[in-house]
Amino acid sequence: MARRELGLEAAITKLDKYQLLILDDIAYVTKDQAETSVLFELIAARYERRSLLITANQPSANGERIFPDQAMTLAAIDRLVHHATILEMKSRVTPESRAQRKRGPGDWNGNTAQAS
């Protein structure tokens, strides 16, 4: 246990050299208790000292998806929003719409409409 904790401390210390740490799409995968504890330790270590930028495809109200323990959810949210600027963007971006944008106008087979 102590060896694992020392590894976590060393990893957090290594990440501490960055003024901004980006956690992208944090709600993508459900985490187990050990993983959420590590994430909470990272948030707590950076609280009021360094910046975190967190993105998620899920609404922020779904905090229990990230932290299954309610007390940990509340503590993490408290630390995250205390000095935060929260940007909530409402868009309907799906993998299909991204693919369509890359392909340009036309159907899924790449055929464009013919002018008559």
Side-chain angles (χ1 to χ4, degrees):
M1 180 77 170
R3 181 176 282 164
R4 208 170 30 199
E5 286 179 19
L6 289 175
L8 177 58
E9 274 186 40
I12 288 174
T13 300
K14 189 181 276 190
L15 292 172
D16 208 35
K17 68 181 178 181
Y18 300 105
Q19 289 294 321
L20 173 65
L21 188 61
I22 300 171
L23 304 178
D24 187 33
D25 209 0
I26 196 168
Y28 183 68
V29 176
T30 304
K31 293 145 194 66
D32 64 23
Q33 185 66 36
E35 292 168 322
T36 57
S37 293
V38 168
L39 180 57
F40 180 79
E41 289 295 323
L42 177 64
I43 291 168
R46 294 186 70 87
Y47 177 59
E48 292 191 331
R49 297 180 337 92
R50 298 280 192 258
S51 297
L52 280 172
L53 188 146
I54 299 174
T55 69
N57 283 334
Q58 303 295 316
S60 57
N62 288 347
E64 66 275 358
R65 179 161 160 75
I66 300 165
F67 296 102
D69 177 73
Q70 186 177 13
M72 192 180 292
T73 300
L74 294 173
I77 289 172
D78 182 58
R79 285 164 178 78
L80 289 171
V81 301
H82 183 223
H83 297 292
T85 299
I86 299 172
L87 303 172
E88 185 174 351
M89 297 174 206
K90 297 182 184 226
S91 74
R92 287 288 195 196
V93 177
T94 63
E96 292 82 14
S97 67
R98 283 188 190 138
Q100 180 67 29
R101 243 184 311 183
K102 286 180 183 177
R103 254 194 323 280
D107 65 14
W108 284 101
N109 297 318
N111 300 321
T112 55
Q114 298 290 326
S116 35

**OP:** Could you tell me whether a side-chain N or O of Arg46 sits under 3.5 Å from a main-chain N or O of Leu15, the two making a donor and an acceptor?
**Re:** yes

Original post:
Can you name the side chain to side chain contact (heavy atoms under 4.5 Å, CB included) partners of Leu53, sequence neighbours left out?
Top reply: Leu20, Ile22, Thr55

Original post:
Do Ile43 and Leu74 share a hydrophobic cluster (ILVMFWY, side-chain heavy atoms under 4.5 Å, transitive)?
Top reply: no

Subject >> Where Ala75 and Phe40 come nearest, the two heavy atoms and their spacing >> reply: CB-CE1, 3.6 Å

**OP:** Looking only at non-hydrogen atoms, find the nearest pair between Ile12 and Ala45 and report the distance.
**Re:** CG2-CB, 3.5 Å

Subject >> Nearest-0.5 Å distance, CD of residue Glu9 to OG1 of residue Thr13 >> reply: 6.5 Å

Original post:
Do Arg50 side-chain atoms and Asp16 backbone N/O form a donor-acceptor pair below 3.5 Å?
Top reply: yes

**OP:** Measure the CG-CG distance between Leu39 and Leu23 for me, rounded to the nearest 0.5 Å.
**Re:** 6.5 Å

Original post:
Nearest heavy-atom pair of Ser37 and Met72: which atoms, and what distance?
Top reply: OG-CE, 3.9 Å

Original post:
Who passes side-chain hydrogen bond (donor to acceptor under 3.5 Å, both in side chains) against His82, sequence neighbours left out?
Top reply: Tyr47, Glu48

